[in-house]
Amino acid sequence: MKDAFGLPQSLLVLGGTSEIALATARRLIARRTRTVWLAGRHSPALERAAENLRALGADIRTVGFDALDPESHETALGKVFAEGDIDVVLLAFGILGDQAHDEREPARAVRVAQTNYTGAVSAGLVAARALQTQGHGSLVVLSSVAGERARRADFIYGSSKAGLDAFAQGLGDALHGTGVHVLVVRPGSVSRPETPFATTPEAVATAIELGLRRRSETVWVPGVLRVVMAALRHTPRALFRRLPV
């Protein structure tokens with residue numbers, strides 16, 4: 001259960017090697033989180049992430065999880081929830097892909113869509129049902145500002161995030177009043193610091209903590225993106241095509 005300050009004592013990360021997820025875990029451990037599950041494909045990177053978090057004094061556990069294998073999601077998440085209540089599930093997996101290559105090789109584009117959207121729909125529904133069963137908890141979904149309006153430069157990735165964002169918002173509406181809270185996070189680019197309104201894993205982690213405290217439904221990182229994207233959504237298409245975005 002969450003402590004008196006509204007912070008989680010337990011965290012499940014779907015996408016256990018995500019930089020944003022690990023920054024969030026570090027921040028929450030520094031507050032009051034005592035148990036963290038890292039779910040991902042078994043790999044040296046996952047084990048390193050777990051060891052680094054253990055050094056901070058928390059109980060860190062790992063579980064096998066593959067976004068591209070929806071049939072395994074019930075079993076993987078079931079193992080975690082069978083060990084005790086989870087206060088926060090952070091859905092943090094996703095891939096950027098390579099737009100130029102993916103356009104020429106549709107199978108690669110499909111993998112981006114299956115990871116970012118189909119896998120997230122499956123894992124999100126399984127997690128939501130488990131949180132409902134225990135009667136409390138938050139599901140934090142890492143969306144992206146790229147999903148707000150498709151750009152020529154990354155429309156495959158952007159479209160997958162647009163689908164994820166719409167799904168997460170709808171799931172939040174469906175869970176309203178059940179005791180389960182859904183927080184959608186829309187950060188700017190983390191992997192491309194030269195991009196306008198880029199951000200950092202630490203900044204996103206700070207926003208997630210604040211969003212959990214406030215039980216926000218949506219947070220933008222940085223916050224100014226809320227205004228910027230409101231304008232871009234209504235920019236005429238002919239003009240939008242010419243913008244350096």
Side-chain angles (χ1 to χ4, degrees), residues 11-21 24 37-41 46 63-82 86-97 99 102 106-134 136-150 154-187 190 204 208 211-212 216-220:
L11 169 69
L12 165 61
V13 176
L14 302 179
T17 58
S18 157
E19 290 186 13
I20 292 176
T24 302
W37 286 86
L38 298 181
R41 292 177 179 174
L46 185 67
V63 63
F65 173 82
D66 186 347
L68 291 174
D69 185 13
E71 292 184 359
S72 69
H73 292 176
E74 291 266 9
T75 300
L77 273 65
K79 290 178 181 178
V80 176
F81 281 88
I86 297 294
D87 293 327
V88 173
V89 177
L90 174 54
L91 198 161
F93 59 83
I95 55 176
L96 282 170
Q99 179 74 33
D102 297 348
R108 292 169 54 117
V110 169
R111 184 172 181 271
V112 172
Q114 289 178 331
T115 302
N116 296 353
Y117 180 68
T118 307
V121 167
S122 171
L125 290 174
V126 172
R129 185 166 65 250
L131 292 172
Q132 273 189 281
T133 298
Q134 69 182 23
H136 70 93
S138 294
L139 173 62
V140 180
V141 178
L142 285 186
S143 180
S144 170
V145 68
E148 282 295 290
R149 186 166 184 178
D154 64 357
F155 66 80
I156 294 172
Y157 171 77
S159 65
S160 69
K161 286 296 188 176
L164 171 62
D165 198 287
F167 164 76
Q169 291 182 71
L171 181 60
D173 292 338
L175 293 173
H176 182 71
T178 68
V180 179
H181 160 236
V182 177
L183 170 61
V184 179
V185 183
R186 296 172 180 159
V190 170
V204 181
I208 289 173
L212 288 171
S216 303
E217 295 182 322
T218 309
V219 295
W220 300 74

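This structure is a prediction, so every number in the text was calculated from the model and none was measured.
Between the CG atom of L90 and the CG atom of L38 there is a distance of 10.0 Å, given to the nearest 0.5 Å. Atom CZ of residue F155 and atom CD of residue Q99 lie 4.5 Å apart, to the nearest 0.5 angstrom. To the nearest 0.5 angstrom, L183 atom CG is 12.0 Å from L91 atom CG. Annotation: the span from S159 atom OG to D154 atom CG amounts to 9.0 Å, rounded to 0.5 Å. Separation of atoms CG (L171) and NE2 (H176) is listed at 13.5 Å; rounding is to 0.5 Å. Remark: S138 OG to L131 CG distance equals 8.0 Å, nearest 0.5 Å.
Nearest heavy atom pair, residue G40 against residue L46, reads O-CD2, 3.8 Å. The heavy-atom pair separating Y157 from A146 by the smallest distance is CE2-CB, 3.7 Å. V182 and A168 get closest at one heavy-atom pair: CG1-O, 3.7 Å. A pairwise comparison of heavy atoms in G97 and V112 identifies CA-CG2, 3.9 Å as the closest pair. Across every non-hydrogen atom of F65 and A39, the tightest pair is CB-CB, 3.7 Å. Taking every heavy atom of both residues into account, P187 and S143 meet most closely at CD-O, 3.5 Å.
Scored by the side-chain contact (heavy atoms from CB on, under 4.5 Å) test, T75 finds K79 as partners (sequence neighbours excluded). The side-chain contact (heavy atoms from CB on, under 4.5 Å) test applied to A127 returns L77, V89, L139, not counting sequence neighbours.
Using a 4.5 Å cut-off on side-chain heavy atoms (C-beta onward), L125 and F167 make contact. The closest side-chain heavy-atom distance from D69 to R41 is not below 4.5 Å. When side chains are defined from C-beta on, V204 does not count as touching V219, because their heavy atoms never get closer than 4.5 Å.
Side-chain N/O atoms of D173 and Q169 include no donor and acceptor closer than 3.5 Å.
No side-chain donor-acceptor contact under 3.5 Å links S18 to the backbone of G15. In this structure, H73 contributes its side chain and G78 its backbone to no donor-acceptor pair below 3.5 Å. Side chain of K161 to main chain of L142: a donor-acceptor pair is present (N/O by atom type, distance under 3.5 Å, no hydrogens or angles). H181 places a side-chain N or O within 3.5 Å of a backbone atom of S216 that can act as its donor or acceptor partner.
Counting heavy-atom neighbours within 6.0 Å of E217 CD, excluding the residue itself, gives a total of 12 or less. Summarising the local packing, CD of Q134 is surrounded by more than 12 heavy atoms from other residues, nucleotides or ligands at distances under 6.0 Å.
Among residue pairs with one or both ends in residues 107-116, those qualifying as side-chain hydrogen bond (donor to acceptor under 3.5 Å, both in side chains) are D102-R108, N116-S160; sequence neighbours excluded.
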